[in-house]
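Notes follow the structure.
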Number of protein chains: 2
Amino acid sequence: MIDAVRWVRTPENRHEVHVLDQRLLPLRTEFVVCSDHLEMASSIRDMVVRGAPAIGIAAAFGVALGSQSFRADAGIPYSDYMEGVSRILGETRPTAVNLFWALNRMKALWFPESDSVLPAGTELLFQEAQHIKEEDVRLNMAMGDHGQRLLPETCTVLTHCNAGALATGGFGTALGVIRAAVGAGKIIRVFADETRPYLQGARLTAYELMEDGIPTTLITDGMGASLMAKKKIDAVIVGADRVTSNGDVANKIGTYGLAVLSRAHGIPFYVAAPFSTIDFSLSSGDRIPIEERSPDEVTHIGPDIRIAPEGVSVYNPAFDVTPAEYITAIITEKGVFKPSEIRSMAP
Amino acid sequence: MIDAVRWVRTPENRHEVHVLDQRLLPLRTEFVVCSDHLEMASSIRDMVVRGAPAIGIAAAFGVALGSQSFRADAGIPYSDYMEGVSRILGETRPTAVNLFWALNRMKALWFPESDSVLPAGTELLFQEAQHIKEEDVRLNMAMGDHGQRLLPETCTVLTHCNAGALATGGFGTALGVIRAAVGAGKIIRVFADETRPYLQGARLTAYELMEDGIPTTLITDGMGASLMAKKKIDAVIVGADRVTSNGDVANKIGTYGLAVLSRAHGIPFYVAAPFSTIDFSLSSGDRIPIEERSPDEVTHIGPDIRIAPEGVSVYNPAFDVTPAEYITAIITEKGVFKPSEIRSMAP
């Protein structure tokens with residue numbers, strides 16, 4: 001069972017969070033041990049853990065780890081200190097809104113405690129983070145159940161990036177829909193975009209689906225269009241990093257192009273995401289901050305292998321925005337919605 | 001001056017052809033020395049040299065090298081032997097039609113000689129191959145002159161793969177148009193798709209354009225659509241491996257998707273190719289044989305670096321077909337044509 005973020009209690013009764021190092025998959029399975037919020041912030045920023053729901057879970061555990069590291073004798077009130085913890089975690093990745101959702105949810109627990117913390121407070125924060133994680137798996141399964149009904153009995157699906165167990169508490173959003181369809185007895189074949197520059201599709205999606213025995217063919221990001229033209233793709237399913245109230249979707253760079261190509265070929269384009277991915281405070285996708293990452297991700301494979309000339313200029317946005325008009329439906333734990341229906345679901 | 005295929009005479013008065021090893025660029029500049037047609041066939045098949053016009057030039061030199069290796073005492077008539085040479089060279093890459101065009105052009109020279117060869121015959125074949133190469137540069141320059149007129153004074157161009165000096169006798173087709181526009185005083189900025197799996201954009205196009213001081217930004221193949229949506233792309237220019245008489249174009253995998261995206265964003269989509277790329281014998285693009293290459297190109301970077309799980313299934317077509325309807329114009333040495341006008345230019 002793939003488990004990207006694990007809460008562990010040491011023999012000395014300290015809490016640790018072991019984060020599966022997704023940078024090394026599928027070649028090596030190693031965990032980064034996080035003992036405080038700074039280590040967790042690095043793990044999120046450096047993409048040891050990635051995927052919007054998993055980032056939220058990791059950040060929640062980061063808050064709990066921060067609380068554990070609080071020292072009353074340092075002269076800072078607990079609430080000020082925890083504001084700092086929350087800010088550090090919030091500055092790691094700007095696009096995925098689940099991060100801020102999780103920090104807010106955790107804040108509701110530590111905020112009342114003001115300038116001191118009880119050991120029970122920290123324990124409570126870990127339990128809440130674990131609760132967020134377990135809840136995410138349940139949401140993914142509900143999403144899978146709703147979403148799989150959209151797929152025909154025999155179906156070839158194209159997916160981009162990794163919106164699977166590794167990107168969530170477990171099971172996955174887009175890959176959760178695929179898993180649920182297989183679970184419902186449907187015959188599902190998957191084409192996985194390798195998803196440059198970070199190769200989440202080649203490294204993570206192919207790995208996850210092979211582990212589950214779901215027939216998967218790896219392609220480069222430029223090949224999907226030609227498969228669509230040959231009528232080899234019945235549906236496209238992706239996850240989301242942020243959905244705005246008008247139904248626009250920020251997701252991994254390359255998603256927008258796939259959506260336009262799907263429309264041009266008459267192929268349904270589905271987004272699977274929990275409600276925590278919806279940012280009702282933003283009216284449209286052009287307001288979503290888009291993270292630009294290091295040129296090294298494009299010019300190198302791993303830290304050492306250079307694949308482009310020294311000094312070349314690079315543009316490396318991690319996400320793009322797909323306007324609602326290109327999205328057939330948004331699959332959530334509460335059901336399947338047209339993008340235009342999202343606004344009416346605001347809490 | 002970039003020169004991918006060089007005819008060299010040794011001190012012993014033997015001919016060699018030195019082929020720039022494009023697999024190693026931009027990190028290393030090394031040449032593969034070809035002394036016979038088998039070495040040239042390997043160089044073409046293994047992509048030491050690539051790009052439709054350059055493949056044609058290399059194959060022409062391969063014919064001459066084959067003739068040099070003919071041994072009258074081996075008991076095979078020269079013409080039979082040369083048929084074999086031609087067949088071996090013709091089996092290296094199925095999609096680029098310039099290969100077959102060059103082999104046919106060379107055949108016109110060796111065919112009459114029947115069962116023996118004069119030293120002057122081999123010399124003549126080398127001169128013809130060199131003539132094809134020099135002619136290609138002139139065609140590229142004519143193409144550049146015609147094509148650059150299509151571009152506004154200040155313009156950002158997206159290109160895919162490498163249709164540059166490295167892919168031709170020199171100067172380039174798509175990059176030749178860009179070079180000619182810069183030469184005409186236009187302010188041209190280029191976004192270069194890295195072009196997975198073989199990374200011709202990252203390794204070759206970025207390298208060529210940087211050498212020429214043309215401002216170039218490297219992106220992954222999934223990023224172009226989002227630049228189009230932001231109105232950052234004024235034109236897309238690519239090369240071609242084969243054009244059919246109805247104006248359909250086979251080119252590097254990913255080209256078709258770019259063409260559909262260009263149409264969706266109202267951006268002109270240009271193909272630059274010499275007349276030798278037009279296969280008037282084929283009525284439409286669905287008849288073009290599309291080469292599928294090794295899964296290793298997708299699962300590995302270079303020979304050693306694995307980036308996907310062991311045993312993953314891979315689909316790796318090297319080319320796709322863009323229907324004529326998505327192509328704004330085809331730029332040739334004889335002028336700029338609408339795809340529908342190609343048929344009327346048949347010789």
Side-chain angles (χ1 to χ4, degrees), chain A residues 25-27 160 191-197 199 201-203 206-207 210-211 215-229 252-261 263-265 290 295 298-299 301-302 305-317 319-321 323, chain B residues 25-27 160 191-197 199 201-203 206-207 210-211 215-229 252-261 263-265 290 295 298-299 301-302 305-317 319-321 323:
Chain A
L25 287 176
L27 304 184
H160 188 68
F191 280 98
D193 270 357
E194 65 172 1
T195 317
R196 282 279 295 153
L199 295 167
R203 298 189 301 104
Y207 165 76
M210 283 174 77
E211 290 276 307
T216 303
T217 301
L218 178 63
I219 58 173
T220 66
D221 302 333
M223 291 175 188
S226 126
L227 288 169
M228 289 179 181
K252 179 57 50 197
I253 188 74
T255 300
Y256 167 65
L258 276 186
V260 175
L261 290 166
R263 154 81 67 90
H265 292 88
I290 298 296
V298 175
T299 57
I301 299 290
I305 313 296
R306 172 173 279 282
I307 55 170
E310 290 270 2
V312 67
S313 164
V314 169
Y315 174 57
N316 184 21
F319 306 96
D320 58 27
V321 173
Chain B
L25 287 177
L27 303 185
H160 188 67
F191 280 99
D193 270 356
E194 65 173 1
T195 317
R196 282 280 293 153
L199 295 166
R203 297 190 301 105
Y207 166 77
M210 284 174 77
E211 290 276 306
T216 302
T217 301
L218 179 63
I219 57 173
T220 67
D221 302 332
M223 291 175 188
S226 125
L227 288 168
M228 290 178 180
K252 179 56 51 197
I253 188 74
T255 300
Y256 167 66
L258 276 186
V260 175
L261 290 165
R263 156 80 69 89
H265 293 87
I290 298 296
V298 175
T299 56
I301 299 290
I305 312 297
R306 173 173 280 282
I307 54 170
E310 290 269 2
V312 67
S313 165
V314 169
Y315 174 58
N316 184 21
F319 306 96
D320 58 26
V321 173

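Lettering follows sequence order; numbering is per chain, from 1.
Here B:I253 contributes atom CD1 and A:S226 contributes atom OG; the two are 4.0 Å apart, rounded to the nearest 0.5 Å. Distance check: A:M223 CE to B:Y315 OH gives 8.0 Å after rounding to the nearest 0.5 Å. In this structure, the separation between CG on B:L218 and OH on B:Y207 is 16.0 Å, given to the nearest 0.5 Å.
In this structure, chain B has a heavy atom under 4.5 Å from the side chain of A:I305, while its backbone stays farther away. Interface remark: A:M210 contributes side-chain atoms only to the contact with chain B (heavy atom separation under 4.5 Å). A:A264 touches chain B through its side chain: at least one heavy atom from C-beta onward sits under 4.5 Å away, while N, CA, C and O do not. With a threshold of 4.5 angstrom between heavy atoms, A:L258 does not approach chain B through any atom at all. Within the 4.5 angstrom heavy-atom criterion, only side-chain atoms of A:P26, from C-beta onward, approach chain B. B:H160 does not touch chain A: none of its heavy atoms, backbone or side chain, sits under 4.5 Å away. In this structure, the portion of A:T216 lying under 4.5 Å from any heavy atom of chain B is its backbone and not its side chain. Proximity to chain B involves both the backbone and the side chain of A:I219, based on heavy atoms less than 4.5 angstrom apart.
Across A:A225, A:G222, A:S313, the residue that shares the most heavy-atom pairs under 4.5 angstrom with chain B is A:S313. In terms of heavy-atom pairs under 4.5 angstrom with chain A, the leader among B:T255, B:D193, B:V321, B:I301 is B:I301. The candidate from A:L199, A:I307, A:D320 with the greatest count of non-hydrogen atom pairs under 4.5 Å with chain B is A:I307. Between chain B and the residues A:A202, A:G254, A:G257, the most heavy-atom pairs under 4.5 angstrom are made by A:A202.
For the side chain to side chain contact (heavy atoms under 4.5 Å, CB included) test, residues two or more places apart in sequence or in another chain that qualify with B:P323 are B:D248, B:Y256, B:E325, B:Y326. Residues that satisfy the side-chain hydrogen bond (donor to acceptor under 3.5 Å, both in side chains) test with A:R196, not counting sequence neighbours, are B:E194.
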B:D221 vs A:T220, side-chain contact (heavy atoms from CB on, under 4.5 Å): CA-CA, chis, key distance, verdict: CA-CA 9 Å; B:D221 302 332; A:T220 66; 5.5 Å; no
Using the side-chain contact (heavy atoms from CB on, under 4.5 Å) rule, take B:L27 and B:L25 through it: C-alpha gap first, then chi angles, then the decisive distance, then the call. CA-CA 5 Å; B:L27 303 185; B:L25 287 177; over 6 Å; no
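Looking at heavy atoms from C-beta onward, A:I290 lies in side-chain contact with A:P317 at the 4.5 angstrom threshold.
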